[in-house]
Amino acid sequence: MTKYQVEEIYGDTVVSSGIVVENDPMKAAEATAGQRVSPRALQDHWFRVVDEEQAAVYEYSLAGPDQRLDLLERNELTDLGPPLPGKLHGAPVRDERDHFYACPSCGQKVDMRDLRQVIWHEEPGHEPLEPQPEAKVIEFPKRKSGEDGNP
C-alpha cells in the first residue's frame, strides 16, 4: 500500500487535504470523494493525488453527480442529524463561555462541544446556522474589567 497526499479542489482553491493509504491513486481519490472518480477532464471540482515516492501527480473528478450531502443547501442544525458530542481535552473550563468561539467566516458563536457545529463552520462559504426551535439560548453576563485577568 502507498501513502498518497490527496487534495479536494474547487477551481484553484484547495478545500481539503489529507493523507490516504491505498493500493493505487484512483482508490485514494475515491476514498476521499466517497464515490467513484474518473480521470479529470477540466472540471472545476477535482481531486489531486500526489505520490511523493514516485514523484507522480494524478488528477481525478467525480464519475457522476456528487452524491454527498450539499451542506450549503442546509442551514439548520437539525439538518445535520443528532448531536455529536465532543470530548474536552485538558483542564475543565472555568466559565461556560469558554466552550464557544466566534466563527471567523460568519461571526456566529460555535459551541465546541457539538461537533456538528464545528464541522459546519469549517466548510468554506457556509452560512450561519438557523437555531433549533427548542434550543435554549444562554445569556452570559458581561465580564467586568480585570475579572478575567485582563485590564
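All of these numbers come straight from a predicted model, not from anything done at the bench.
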D24 side, atom CG; M26 side, atom CE - distance, nearest 0.5 Å
7.5 Å
What one should report as the nearest heavy-atom pair of R94 and D98 is N-OD2, 4.1 Å
Which residues satisfy the side-chain hydrogen bond (donor to acceptor under 3.5 Å, both in side chains) test with Q43, sequence neighbours excluded?
S61
Answer yes if W46 and V6 sit in the same cluster of Ile, Leu, Val, Met, Phe, Trp and Tyr residues linked by side chain heavy atoms under 4.5 Å apart, and no otherwise.
no
Exam field: side chain W120 to backbone E127, donor-acceptor pair closer than 3.5 Å
yes
Rounding to 0.5 Å, atoms CZ (F100) and NZ (K109) come to a distance of 9.0 Å
Which pair of non-hydrogen atoms, one from A33 and one from L62, has the smallest distance, and what is that distance?
CB-CD2, 3.7 Å
Candidate pair Y60 and R36, rule side chain to side chain contact (heavy atoms under 4.5 Å, CB included), full reasoning:
CA-CA 10 Å; Y60 300 97; R36 288 182 13 90; over 6 Å; no
Which residue pairs pass the salt bridge (Lys or Arg N to Asp or Glu O under 4.0 Å) test when at least one of the two sits in residues 47-62, sequence neighbours left out?
E7-R48, R40-E59
Contacts of S17 meeting side-chain hydrogen bond (donor to acceptor under 3.5 Å, both in side chains) (sequence neighbours excluded), chain-then-number -> Q5
Checking side chain to side chain contact (heavy atoms under 4.5 Å, CB included) against H121, which of P128, C106, S105 comes through?
C106
Examine distances only and state if a side-chain atom of T13 and a backbone atom of I9 form a donor-acceptor pair shorter than 3.5 Å.
no
Remaining members of the apolar cluster that contains V118, side-chain heavy atoms under 4.5 Å:
Y101, V110, M112
Tell me the closest heavy-atom pair linking Q117 and D111, and the distance in Å.
OE1-N, 2.9 Å
Could you work out, with side-chain contact (heavy atoms from CB on, under 4.5 Å) as the rule, every residue matching S16, not counting sequence neighbours?
E8
Heavy atoms only: give me the nearest N23-Y4 pair and the separation to one decimal.
O-OH, 3.8 Å
Across all chains, not counting sequence neighbours, the side-chain contact (heavy atoms from CB on, under 4.5 Å) partners of D44 are none
